Amino acid sequence: MPTYSEIKEEFDNSLGYIRNDITAIRQGAATINYTIMLLIGCGCEMLAAALGDRKRRGEKVFAELLPSGDWRLLADSIYTALRDGLAHGFDTKHLDVGGTLIQIQVSWGNANACEIIQTPKGPWLRIGVPPIATTLIAKINEYEEVLKAPANEEARVLFKKSCDQQRTKPLNQHERAAWSRLMTASGL
């Protein structure tokens, strides 16, 4: 069973990077909404995996960042619109509410985690970066404390397993041959 000191580097290089990058960006003068929301999406997915979700469903963690009630019922769709939209096209997807498309606006200056606003183009969903980021960082900090507790060996094993799960990308036969040629060409 690993101790926290044995997995600390792995934590620092995964959830720690997410936490530190979000904190550093938020302390700067630039308002990098999409970048932080993408990091939040990755952080939710990583935390879900570390907590034992084999499917890495970041939606579940994301739901905990939203106000209780109806907002949490929409967490899956909001998360997908944000995370997948930003990861695959660096823009949010729209929510389709019975044929009405709802634009998602990510706002650096919004103190509310989420709210519906009226615009000349119709209702939009506004997501506030600061409250979402602050809550995720708090969840990462809480999880780190769980990992540090000597009695939580099972949590550390689960964390290590989740980190190791997607750390490698096996090369196929053609890719291995190409790699071998590149190594030879490099004199290695």
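All values below come from the heavy atoms of this structure, side chains included, with hydrogens, waters and symmetry mates left out. Bear in mind the structure is a predicted one, so any value in this text is a computation, not a measurement.
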Novice: Evaluate whether atom CH2 of W108 has more than 12 neighbouring non-hydrogen atoms of other residues, nucleotides or ligands under 6.0 angstrom away.
Specialist: yes
Novice: Run the salt bridge (Lys or Arg N to Asp or Glu O under 4.0 Å) test against R126 and tell me which residues pass, sequence neighbours left out.
Specialist: E115
Novice: Do the side chains of D12 and N20 get nearer than 4.5 Å, heavy atoms only?
Specialist: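 With C-beta onward as the side chain, the pair stays apart.
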Novice: Closest approach of I102 and P123, non-hydrogen atoms and distance?
Specialist: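 Looking at all heavy atoms of both residues, the shortest contact is CD1-O, 3.7 Å.
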Novice: H174 and N172: which non-hydrogen atoms are nearest, and at how many Å?
Specialist: N-OD1, 3.0 Å
Novice: Say whether V146 and V61 are linked into one hydrophobic cluster, either directly or through other cluster members, by side-chain heavy-atom distances under 4.5 angstrom.
Specialist: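 V146 does not cluster with V61.
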Novice: Any heavy-atom pair between the side chains of V106 and L82 that's under 4.5 Å?
Specialist: yes
Novice: Closer than 4.0 angstrom, basic N to acidic O: yes or no for D76 and R57?
Specialist: yes
Novice: Salt bridge or not between E144 and R19? Use side-chain N to carboxylate O under 4.0 Å.
Specialist: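 Salt bridge flag = yes for R19 with E144.
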Novice: Return yes when atom CD of Q118 has more than 12 non-hydrogen atoms of other residues, nucleotides or ligands closer than 6.0 Å, and no otherwise.
Specialist: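 Yes, the 6.0 Å shell around CD holds more than 12 heavy atoms from other groups.
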Novice: Can you name the nearest heavy-atom pair linking P130 to S107, along with the distance?
Specialist: CD-O, 3.9 Å
Novice: Between the side chains of R54 and S162, is a donor N or O closer than 3.5 angstrom to an acceptor N or O?
Specialist: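 Short answer, no.
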Novice: So I137 and N141, do their side chains get closer than 4.5 Å, heavy atoms only?
Specialist: yes
Novice: Using atom types as modelled and distance alone, determine if a side-chain donor or acceptor of S180 lies under 3.5 Å from a backbone N or O of R176.
Specialist: no
Novice: Distance-only check: which donor-acceptor pairs under 3.5 Å involve side-chain atoms of residues 88-99, not counting sequence neighbours?
Specialist:
residue : atom : partner : partner atom : Å
D91     : OD1  : Y34     : OH           : 2.9
T92     : OG1  : I104    : O            : 3.2
H94     : NE2  : Q103    : OE1          : 2.6
D96     : OD1  : G99     : N            : 2.7

Novice: I'd like to check K139 versus L65 (side-chain heavy atoms, cut-off strictly below 4.5 Å). Are they in contact?
Specialist: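 Yes - at least one pair of side-chain heavy atoms lies under 4.5 Å apart.
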Novice: Would you name the heavy atoms of A133 and I36 that are closest together and state the gap between them?
Specialist: CB-CG2, 4.5 Å
Novice: Does the pair N152 and Y4 meet the rule for a side-chain contact (heavy atoms from CB on, under 4.5 Å), with working shown?
Specialist: CA-CA 9 Å; N152 289 333; Y4 178 73; over 6 Å; no
Novice: Can you name the nearest heavy-atom pair linking L136 to C44, along with the distance?
Specialist: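 Closest approach of L136 to C44: CD1-SG, 4.3 Å.
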Novice: Any donor and acceptor pair, going by atom type alone, linking the side chain of S14 with main-chain N or O of F11 inside 3.5 Å?
Specialist: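 Here the side-chain-to-backbone pair exists.
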Novice: For Y79 and E59, which heavy atoms make the closest approach, and how far apart are they?
Specialist: CD2-CG, 3.3 Å
Novice: Is any side-chain heavy atom of P2 closer than 4.5 Å to one of V157?
Specialist: yes
Novice: Below 4.5 Å, heavy atoms only, C-beta onward: do Q105 and I127 meet side chain to side chain?
Specialist: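 They are not in side-chain contact.
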